[in-house]
Novice: 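Quick one: this structure, given as structure tokens, is what I'll be asking you about.
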Amino acid sequence: MLLIECPYCGERPEPEFVYGGQAHIARPPDPAAVSTQEWADYLYRRDNTRGVHAERWRHAHGCGRFFNALRDTTTDHFLATYRVGEEPPAAAARVRG
Amino acid sequence: MKMAGIELPLESYPLQALVSEPVKPVFPCVVMSNTIHAYISQSDKGELVIGAGTDAYTSYTQRGGLHITSHALEAICELFPMFRRLRMLRNWGGIVDVTPDRSPIIGPTPVPGLYVNCGWGTGGFKATPGSAHVFAWTIARGEPHPINAPFTLERFRDGRLIDEAAAAAVAH
């Protein structure tokens, strides 16, 4: 299982978390103002990155907070975790085995 | 598809399975439990083939966590206590392409002559012959077979999702 570093609680095992999908996808502020295709893209279109993927996790069985992570989907190594609202760290921030 | 300008609403998840040591025929069918989520069948070689759902996160590593397989084995042992002492021989993972409603996309794309049959996720293998039949029909006749007609790429835009998890009564 993965060991995930919650920015609030520290490193905890994967079963304490719920995956939150791709990060940094902004909900259109006025849903009525966008086309159906744009709304569908917001709901369903994802990069499915083969490489460094910015994603959300929620520490459901811990502090309960959402946070962001950079994880390489070709190795499952986490490069970094960072709080909501923070900028993603530079790519070489940290590598976890 | 990207080269043709087609975006597919797919994400790639690990799906694990296990096989046991071969035993004499004891299991004449496939059993799938919705409530505790595991499936089991016996191969012609005598191995029990066991699996459940995907790991929780997208990945191309073709492996997942032990807690996922443990959950599947706990479910199997609860359903069939006779398998509790069976030894598992192999465990592996693959990559499954998953759609937002867990149903496949079978049909034409906006590009003439380009057709798509994908998004089978965790449930594709057993549907292979049927999906090939309707896909061939679609390509040959230029219009979908009644069975695959609803499984369009446009259904995600139009809100006509086909909820496979609800139909199968199990989380996907």
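Each chain gets a letter, A, B and so on, in the order its sequence line appears, and its residues count up from 1.
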Novice: Please flag which part of L161(B) lies under 4.5 Å from any non-hydrogen atom of chain A: side chain, backbone, both or neither.
Specialist: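 For L161(B), side-chain heavy atoms alone lie under 4.5 Å from chain A.
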Novice: Treat each ILVMFWY residue as a node, draw an edge where side-chain heavy atoms are under 4.5 Å apart, and state whether L48(B) and L89(B) are in one component.
Specialist: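 No; tracing contacts between hydrophobic side chains, which count when under 4.5 Å, never links both residues.
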Novice: Identify whether W120(B) and V134(B) are in the same connected component of the hydrophobic contact network (ILVMFWY, side-chain heavy atoms under 4.5 Å).
Specialist: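 Yes.
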Novice: Does L66(B) belong to the same Ile/Leu/Val/Met/Phe/Trp/Tyr cluster as I50(B), with side-chain heavy atoms less than 4.5 Å apart forming each link?
Specialist: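 Not linked; separate clusters.
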Novice: Please rank G65(B), G64(B), G159(B), A56(B) by heavy-atom pairs under 4.5 Å with chain A and give me the top one.
Specialist: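 If we count pairs closer than 4.5 Å to chain A, A56(B) comes out on top.
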Novice: Crowded around D30(A) CG? As in, over 12 foreign heavy atoms under 6.0 Å?
Specialist: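 Enclosed.
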Novice: Is a side-chain donor or acceptor of R157(B) paired with a backbone partner of W39(A) at a separation under 3.5 angstrom?
Specialist: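 Answer holds: no.
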Novice: Counting only heavy atoms not in I139(B) (residues, nucleotides, ligands), do more than 12 fall under 6.0 Å from its CD1?
Specialist: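 Above 12, so yes.
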Novice: What about I40(B) and L79(B), same hydrophobic cluster or not, with Ile/Leu/Val/Met/Phe/Trp/Tyr joined at side-chain heavy-atom distances under 4.5 Å?
Specialist: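 Same cluster.
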Novice: Let me see the working for D76(A) and Y60(B) under side chain to side chain donor-acceptor pair (under 3.5 Å), right down to the final yes or no.
Specialist: CA-CA 8 Å; D76(A) 286 340; Y60(B) 293 87; over 6 Å; no
Novice: Is it the backbone or the side chain of T75(A) that comes under 4.5 Å from a heavy atom of chain B, or both, or neither?
Specialist: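 The backbone, not the side chain.
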Novice: Indicate if Y19(A) and F17(A) have the same hydrophobic cluster label, given that clusters are the connected sets of ILVMFWY residues with side-chain heavy-atom separations under 4.5 angstrom.
Specialist: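 Linked within one cluster.
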Novice: Tell me, for T49(A) versus chain B, whether the close heavy atoms (under 4.5 Å) come from the side chain, the backbone, both or neither.
Specialist: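 Just the backbone, heavy atoms under 4.5 Å.
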Novice: Can you tell me which of M1(A), R46(A), R50(A) forms the most heavy-atom pairs within a distance under 4.5 Å of chain B?
Specialist: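 The residue among M1(A), R46(A), R50(A) with the greatest pair count is R50(A).
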Novice: Is the ring pair Y44(A)/F156(B) parallel, tilted or perpendicular, if the boundaries are 30 and 60 degrees?
Specialist: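 Judged by the thresholds at 30° and 60°, the geometry between Y44(A) and F156(B) is perpendicular.
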Novice: Which atom names give the shortest non-hydrogen contact between E14(A) and Y57(B), and what distance separates them?
Specialist: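 Looking at all heavy atoms of both residues, the closest pair is OE2-CE2, 3.3 Å.
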Novice: Report, by ascending residue number, the residues of residues 2-33 of chain B in heavy-atom contact with chain A at a distance under 4.5 Å; give 'none' if the set is empty.
Specialist: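 Under the 4.5 Å heavy-atom cut-off, E7(B), P9(B), L10(B), E11(B), S12(B), Y13(B) qualify.
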Novice: Under 4.5 Å between any side-chain heavy atoms of T58(B) and H53(A), yes or no?
Specialist: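 In contact.
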